[in-house]
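Inspection log for the structure reproduced underneath, given as C-alpha cells.
What you see is a predicted model, and the numbers here were worked out from it, not measured in a lab.
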Amino acid sequence: MIDQSSMLCAHCQRCGRRSVLGRVDAASLAPPADGEAPPRLRCDMCGGRQVKLFNANGPVEMLAFLNGRI
C-alpha cells in the first residue's frame, strides 16, 4: 500500500513531466531551522524551476495525475 502522506506529486510547467516525490525528497522541502526559505524544486528531466505541486487525495488520484488525466 502507498503511504500517501509521504508522497508529493509534481508537474513541471516547462517540459510537462509529471512525477511523484518519495519520502526522502519530500523531507528536503521542510524549512531549515534558522528560518531561511526551503529550497525550490527542480525538474529531474529539464532542470526547470517552474514546478507545481499537486495534492493527491489517494493512490487512484495519484495515478490519474501521473497519467495526465487530472
Side-chain angles (χ1 to χ4, degrees):
M1 173 126 184
I2 298 172
D3 181 14
Q4 170 196 341
S5 64
S6 64
M7 306 289 277
L8 292 174
C9 296
H11 181 220
C12 178
Q13 302 297 301
R14 184 175 173 193
C15 71
R17 179 175 172 90
R18 293 171 182 250
S19 58
V20 174
L21 305 175
R23 187 178 330 207
V24 174
D25 295 327
S28 69
L29 295 177
D34 58 2
E36 293 179 10
R40 288 177 46 193
L41 292 175
R42 292 192 97 154
C43 176
D44 55 348
M45 182 66 89
C46 72
R49 292 189 180 260
Q50 298 173 346
V51 178
K52 288 191 175 185
L53 295 179
F54 174 78
N55 186 18
N57 292 321
V60 173
E61 196 168 300
M62 190 180 301
L63 288 173
F65 170 80
L66 288 173
N67 289 320
R69 297 177 184 253
I70 292 180

C9 and M62: CA distance, side-chain angles, deciding distance, side chain to side chain contact (heavy atoms under 4.5 Å, CB included) verdict: CA-CA 7 Å; C9 296; M62 190 180 301; 3.6 Å; yes
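- Not counting sequence neighbours, the partners of Q13 by the side-chain hydrogen bond (donor to acceptor under 3.5 Å, both in side chains) test are H11.
- Remark: F65 CZ to N57 CG distance equals 13.0 Å, nearest 0.5 Å.
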Criterion side chain to side chain contact (heavy atoms under 4.5 Å, CB included) on R49 and L41, from CA distance to verdict: CA-CA 6 Å; R49 292 189 180 260; L41 292 175; over 6 Å; no
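- Smallest separation of non-hydrogen atoms from F54 and E61: CZ-OE2, 3.5 Å.
- Taking OG of S19 as the start and CE of M45 as the end, the distance is 9.5 Å to the nearest 0.5 Å.
- Across all non-hydrogen atoms, the minimal contact from V51 to A10 is CG1-CB, 3.7 Å.
- Taking SG from C15 and CD from Q50, the interatomic distance works out to 10.0 Å, rounded to the nearest 0.5 Å.
- For R17, the side-chain hydrogen bond (donor to acceptor under 3.5 Å, both in side chains) test picks out D44, with sequence neighbours left out.
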